[in-house]
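Okay, so here's the structure we're looking at.
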Amino acid sequence: MSDFCHIPVLPQEVVDLLAFPADKPLRLIDGTLGGASHSALLLQKHPLMELLGIDRDEDALAAAEEKLAFARDRVFLRRGNFSEMFDYATELDWETVDGILLDLGVSSPQLDRPERGFSWRFDGPLDMRMDNRSEMTAARLLNRASAEELGKIFAEYGEFRGAYRLAQEIVARRENAPFGSTSDLVKVCDDILGKSHPGKLPVPTLVFQALRIAVNDELGELKKTLSNAVSHLNVSGKIAVISFHSLEDRIVKEFFRRESTDCLCPPGLPVCRCGHRATLAVLTKKPVTASEKELNENRRSACAKLRVAEKIKI
């Protein structure tokens with residue numbers, strides 16, 4: 001029995017917004033399968049739904065296989081990046097699908113296992129890989145990247161003050177001893193950025209977030225996937241994305257805005273020259289967030305934002 005136990009965020013909201021006729025054969029791609037809690041609910045609600053589930057984490061896939069055993073003949077699991085989902089769909093002869101689900105960020109089991117190195121709260125190796133087959137680790141990045149490269153990562157992905165100052169100190173300290181553990185990084189964060197204040201976001205949180213995003217190319221994966229999503233959706237097909245920080249949400253919001261707009265020409269032109277036509281209708285004018293009940297039961301749902309759009313006929 002797998003010990004990969006992840007509490008899904010916004011489970012009922014995902015099921016309600018990814019609503020389809022119960023008697024219709026359906027194909028859904030869950031590009032960030034995790035423990036498969038969202039997909040299990042959707043498969044239970046739609047007995048004619050087939051699922052392509054993808055995850056980089058072999059532990060997550062093992063847990064998902066157990067959880068989805070009740071629908072084994074309708075489930076296809078693949079280990080890889082979610083940006084590869086349409087290649088996997090093609091292997092199944094799925095030219096188009098009815099739904100795409102992305103639950104971004106890091107899962108609770110990944111955060112809570114010190115050996116994965118995702119959390120500053122536990123002493124462990126500076127790993128942070130979602131796929132342990134990858135050569136890039138947080139330690140490798142910290143010990144090889146230039147001060148300019150690290151500063152850019154911290155500033156763009158962490159959005160905190162002192163990003164370049166921290167990067168310069170990391171480069172200086174690694175001359176004496178390479179960074180190898182999460183506690184090494186926490187120490188330099190405390191020394192340069194200061195200790196966390198009660199009621200404030202812990203200082204290392206954004207530093208670890210920035211490194212994790214860079215190690216796993218999370219924003220690049222998201223942009224690549226969204227750029228290919230519309231062409232693989234059936235008309236009336238839906239795409240749902242749960243994000244956990246402003247950078248992800250900004251990318252999703254801008255993509256939905258662009259794809260739900262007819263003309264993208266600069267204001268003032270008498271005639272449209274771009275020829276762009278809307279392909280999506282946004283179903284969530286504002287992002288859906290956790291209810292008070294869910295917040296009390298799962299504190300990690302506090303940052304979750306769900307946006308959903310539906311493909312329209314051009």
ILVMFWY network linking [X] to [Y], side-chain heavy atoms under 4.5 angstrom:
X      : Y      : result
Phe70  : Leu77  : yes
Phe122 : Val188 : no
Phe86  : Leu92  : yes

Verify side chain to side chain contact (heavy atoms under 4.5 Å, CB included) between Glu221 and Asn216, making sure each step is shown before the conclusion.
CA-CA 8 Å; Glu221 284 279 297; Asn216 297 288; over 6 Å; no
Check whether any side-chain N or O of [X] sits under 3.5 Å from a backbone N or O of [Y] as a donor-acceptor pair, and report yes or no.
X      : Y      : result
Asn143 : Ala139 : yes
Asp131 : Arg133 : yes
Asp249 : Ser243 : no

Any [X] side-chain heavy atom under 4.5 Å of [Y] side chain:
X      : Y      : answer
Ile242 : Leu102 : no
Arg307 : Val288 : no
Thr279 : Ile314 : yes
Thr289 : Lys305 : yes
Val186 : Phe208 : yes
Pro25  : His46  : no
Asp191 : Arg173 : yes
Arg72  : Leu68  : no

Determine, for Glu297 against Lys293, whether the closest basic-nitrogen to carboxylate-oxygen distance falls under 4.0 angstrom.
yes
Before accepting this row, confirm whether a basic side-chain N of the pair Asp98/Lys311 lies closer than 4.0 Å to the acidic partner's carboxylate O.
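Not counted as a salt bridge, because no side-chain N and carboxylate O are separated by less than 4.0 Å.
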Within this structure, what is the [atom1]-[atom2] distance for the pair [X] and [Y], rounded to the nearest 0.5 Å?
X      : Y      : atom1 : atom2 : result
Asn132 : Glu115 : CG    : CD    : 11.0 Å
Tyr88  : Ile54  : OH    : CD1   : 6.5 Å
Arg299 : Glu294 : CZ    : CD    : 13.5 Å
Asp103 : Phe82  : CG    : CZ    : 10.5 Å
Glu248 : Leu222 : CD    : CG    : 6.5 Å
Gln12  : Leu17  : CD    : CG    : 10.0 Å

Let's go through Val14 and Val9 carefully: what are the C-alpha distance in whole Å and the side-chain angles of both, what is the deciding distance for side chain to side chain contact (heavy atoms under 4.5 Å, CB included) to 0.1 Å, and is it a yes or a no?
CA-CA 9 Å; Val14 167; Val9 300; over 6 Å; no
On a heavy-atom basis, which atom in [X] and which in [Y] lie closest, and how many Å separate them?
X      : Y      : result
Phe244 : Ala304 : CE2-CB, 3.7 Å
Leu52  : Ala89  : CD2-N, 3.7 Å
Ala240 : Val308 : CB-CG2, 3.8 Å
Ile100 : Leu28  : N-CD1, 3.9 Å
Val235 : Lys313 : CG1-N, 4.0 Å
Ala145 : Arg174 : O-NH1, 2.7 Å

For [X], is the [atom1] atom crowded, meaning more than 12 foreign heavy atoms sit under 6.0 Å from it?
X      : atom1 : answer
Glu91  : CD    : yes
Arg273 : CZ    : no
Glu65  : CD    : no
Glu95  : CD    : no
Lys45  : NZ    : yes

Could you list the donor-acceptor pairs under 3.5 angstrom formed between side-chain atoms of residues 152-166 and any protein atom two or more places apart in sequence or on another chain?
{"residue": "Glu159", "atom": "OE1", "partner": "Ser246", "partner atom": "OG", "Å": "3.2"}
{"residue": "Arg165", "atom": "NH1", "partner": "Ile192", "partner atom": "O", "Å": "2.9"}

Derivation of the side chain to side chain contact (heavy atoms under 4.5 Å, CB included) call for Ser119 and Thr182
CA-CA 8 Å; Ser119 176; Thr182 55; over 6 Å; no
Where do Asp30 and Ser39 land on the side chain to side chain donor-acceptor pair (under 3.5 Å) test, with the steps shown first?
CA-CA 7 Å; Asp30 186 339; Ser39 286; 2.7 Å; yes
Derivation and outcome, side chain to side chain donor-acceptor pair (under 3.5 Å), residues Asp184 and Ser181
CA-CA 5 Å; Asp184 293 338; Ser181 70; 3.2 Å; yes
Go through Met85 and Asn228 one step at a time and tell me if the side chain to side chain contact (heavy atoms under 4.5 Å, CB included) criterion holds.
CA-CA 10 Å; Met85 65 171 64; Asn228 294 320; over 6 Å; no
Per the salt bridge (charged side-chain N to carboxylate O under 4.0 Å, His left out) rule, which among Arg79, Arg116, Arg113 passes with Asp57?
Arg116
Which is it for Gln110 and Ser107 under the side chain to side chain donor-acceptor pair (under 3.5 Å) test, yes or no, and what are the steps along the way?
CA-CA 5 Å; Gln110 291 168 332; Ser107 68; 3.2 Å; yes
Does the salt bridge (Lys or Arg N to Asp or Glu O under 4.0 Å) test come out yes or no for Asp112 and Arg300, once each step is laid out?
CA-CA 12 Å; Asp112 293 339; Arg300 286 177 177 161; 2.8 Å; yes
Asp127: side chain to side chain contact (heavy atoms under 4.5 Å, CB included) partners, not counting sequence neighbours:
Arg129, Thr137
Tell me, with the steps shown, if Arg74 and Glu50 meet salt bridge (Lys or Arg N to Asp or Glu O under 4.0 Å).
CA-CA 5 Å; Arg74 297 187 279 138; Glu50 292 182 307; over 6 Å; no
